[in-house]
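Every chain is numbered from 1 and lettered A, B, ... according to where its sequence line falls, protein lines coming before strand lines.
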2 protein chains.
Amino acid sequence: MMIDKFLNFIATRIALTDTDIALCKKYFEPVLLPKNRILEEEGKVPKYLYYIVSGYLRLFHYNKNGDEVTTHINCPPGFFTSYSNFINETKSDENVECITECELLRITKNDLDEITSKSSSIKDFSIFVFQQSLTYNEKRSRELGTLSAEQRYRKLMEEHPDILYNVPISYIASFLGMKAESLSRIRRKMTS
Amino acid sequence: MMIDKFLNFIATRIALTDTDIALCKKYFEPVLLPKNRILEEEGKVPKYLYYIVSGYLRLFHYNKNGDEVTTHINCPPGFFTSYSNFINETKSDENVECITECELLRITKNDLDEITSKSSSIKDFSIFVFQQSLTYNEKRSRELGTLSAEQRYRKLMEEHPDILYNVPISYIASFLGMKAESLSRIRRKMTS
DNA sequence: CCCATTAACTAACAAAAGTCAAGTAGATTC
DNA sequence: GAATCTACTTGACTTTTGTTAGTTAATGGG
């Protein structure tokens with residue numbers, strides 16, 4: 001069951017009481033979604049925070065030239081959403097899309113507020129999740145600011161080789177802040 | 001008084017009781033620090049979260065070539081620290097330095113935990129502060145990934161012209177993810 | 001006041017990344 | 001199984017950014 005995997009994941013971080021488990025089972029909704037399904041749309045307040053049980057998700061938008069720009073990619077075990085817009089209930093300028101078929105557990109902001117107010121350990125866990133996102137974004141902005149395109153690709157290869165096998169190269173290039181042609185060249189250079 | 005400016009700032013966000021005000025006055029320590037003073041050091045757990053009353057701060061480290069890399073710059077009104085390391089009490093790989101003389105209010109992690117446990121409105125405010133940092137870093141990583149060097153400089157000019165007059169160009173270039181020479185060229189091109 | 005130091009700018013050249021256009025290979029469809 | 005479509009690659013060329021080194025201007029200390 002999806003929810004059990006999720007509870008195991010939480011349990012690696014905090015101690016769960018039976019009440020906590022019941023709350024999670026009640027409020028986190030398991031969904032199975034097909035490849036390319038859009039979960040959240042540009043211009044709208046993100047409805048859900050997602051926990052990824054299986055599959056790959058991305059955040060993307062269209063720039064002024066109408067080209068797609070992928071700004072985030074994530075995979076299990078982890079959470080996904082346009083965090084700042086989800087938290088503040090503001091309109092997002094990004095779409096959330098399934099890159100592959102995905103098993104997800106989702107929860108609305110209202111329901112999250114509800115369970116975090118009912119359980120202080122769930123609240124602690126939710127704060128932990130947002131801190132993880134903060135840490136991740138600090139790391140990402142540092143890497144984009146200081147590493148070359150090739151170094152960024154090498155780092156992704158080391159830290160997330162699975163992404164290379166499950167996500168289109170064009171999304172990866174955009175995510176790494178370069179053009180698909182540049183990534184193609186870097187990949188050829190590295191194999192030869 | 002520094003602390004009054006701080007309380008006014010908080011009051012724009014949350015309603016403060018007399019108890020909250022007393023707690024802040026008791027635990028936030030006002031300090032006046034000279035230009036170039038190092039407040040937190042690479043390799044150590046950051047001691048304080050800082051509120052900036054006046055002046056400019058930066059976060060920087062040395063890369064493998066021994067060159068300084070400035071990763072963040074901030075100014076009033078705002079908080080400053082190596083967030084993820086401060087929160088998790090982990091060793092930071094960044095230094096915090098005063099770029100100019102600074103009036104700051106600082107608080108340790110222990111004291112912050114103490115006042116957030118005593119006052120739920122201060123807790124809400126502290127969560128808000130960390131969310132701001134999350135929002136900021138999402139924005140920053142997106143800009144570094146998608147904008148050209150010139151676009152990044154133009155955006156800084158629009159959004160924080162004051163930084164240009166108070167921070168050395170070399171720090172700004174590094175902060176924008178480019179070499180000082182590149183920024184120099186961009187600036188000349190824009191004025192001619 | 002002079003010297004030493006540093007920050008910022010310049011110029012010439014090299015390397016990296018973007019652009020445009022075409023080609024290939026693998027799937028998909030009819 | 002031919003035709004189509006899509007993702008990815010390639011190559012030639014342009015633009016942007018980095019590199020190195022030299023110059024100038026401002027700054028601070030003795």
Side-chain angles (χ1 to χ4, degrees), chain A residues 34-36 56 58 60 62-71 73 97-101 142-157 161 163-192, chain B residues 34-38 56 58 60 62-70 73 97-101 141-157 161 163-192:
Chain A
K35 185 173 170 172
N36 297 330
Y56 289 80
R58 69 167 178 148
F60 78 96
Y62 298 94
N63 65 15
K64 44 239 104 130
N65 306 329
D67 300 327
E68 276 187 11
V69 181
T70 297
T71 54
I73 293 175
E97 185 190 37
C98 296
I99 298 175
T100 61
E101 182 178 82
R142 180 198 299 206
E143 290 176 3
L144 285 167
T146 62
L147 303 180
S148 68
E150 180 171 339
Q151 289 173 318
R152 297 195 300 268
Y153 178 67
R154 284 184 186 277
K155 215 148 202 285
L156 186 69
M157 276 181 78
I163 288 184
L164 303 179
Y165 301 110
N166 291 285
V167 177
I169 294 293
S170 55
Y171 296 176
I172 294 174
S174 174
F175 174 61
L176 294 175
M178 68 185 93
K179 298 291 157 182
E181 294 92 331
S182 298
L183 180 51
S184 211
R185 233 173 325 172
I186 287 168
R187 282 157 60 86
R188 178 167 42 124
K189 195 182 119 199
M190 285 176 58
T191 59
S192 67
Chain B
K35 186 172 168 173
N36 298 329
R37 171 66 53 84
I38 302 287
Y56 289 79
R58 69 168 179 148
F60 78 96
Y62 298 94
N63 65 15
K64 42 238 105 126
N65 305 330
D67 299 326
E68 277 187 10
V69 180
T70 297
I73 294 175
E97 186 190 35
C98 296
I99 297 175
T100 61
E101 182 179 82
S141 59
R142 180 199 297 205
E143 290 177 3
L144 285 166
T146 61
L147 303 182
S148 68
E150 180 172 339
Q151 290 172 317
R152 297 194 301 270
Y153 178 67
R154 284 184 185 277
K155 217 152 200 288
L156 186 69
M157 277 181 78
I163 288 185
L164 304 180
Y165 301 111
N166 291 285
V167 177
I169 294 293
S170 56
Y171 297 175
I172 294 174
S174 174
F175 173 63
L176 293 176
M178 70 184 91
K179 298 291 159 183
E181 295 88 336
S182 298
L183 181 51
S184 211
R185 221 176 346 207
I186 287 167
R187 283 157 59 85
R188 178 166 41 122
K189 194 181 120 200
M190 284 175 59
T191 57
S192 66

Could you state the atom-to-atom distance from [atom1] of [X] to [atom2] of [N] in whole Å?
X: A:Ile169; N: C:dT24; atom1: CD1; atom2: P; answer: 21 Å
X: B:Leu164; N: C:dA8; atom1: CG; atom2: C1'; answer: 14 Å
X: A:Arg188; N: D:dA7; atom1: CZ; atom2: P; answer: 21 Å
X: A:Arg187; N: D:dA7; atom1: CZ; atom2: P; answer: 15 Å
X: A:Gln151; N: C:dA16; atom1: CD; atom2: P; answer: 10 Å

task: Identify the heavy atoms of B:Cys98 and B:Pro34 that sit nearest to each other, and give their distance.
output: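 Closest pair (atom of B:Cys98, atom of B:Pro34, distance): CB-O, 3.5 Å.
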A:Ile186 versus A:Met178, closest heavy-atom pair with distance: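 In this case the closest contact between A:Ile186 and A:Met178 is CD1-SD, 3.9 Å.
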Just by modelled atom types, is the [Y] backbone N or O under 3.5 Å from a matching donor or acceptor in the [X] side chain?
X: A:Arg152; Y: A:Leu176; answer: yes
X: B:Thr100; Y: B:Tyr56; answer: yes
X: A:Asn65; Y: A:Asp67; answer: no

message: Classify B:Ser170 by what it touches in the nucleic acid, base, sugar-phosphate, or nothing, heavy-atom distance under 4.0 Å.
response: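 The residue B:Ser170 makes sugar-phosphate contact but no base contact.
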task: Starting at the 5' end of nucleotides 13-21 of chain D, put B wherever the base has a protein heavy atom under 4.0 Å, S where only the sugar-phosphate does, and a dash everywhere else.
output: ----BBBB-
message: Given the ring of A:Tyr171, does A:Arg58 sit roughly above its face, with NZ or CZ under 6.0 Å from the centre of the six-membered ring and within 45° of the axis?
response: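 Geometry flag: set, cation within 6.0 Å and 45°.
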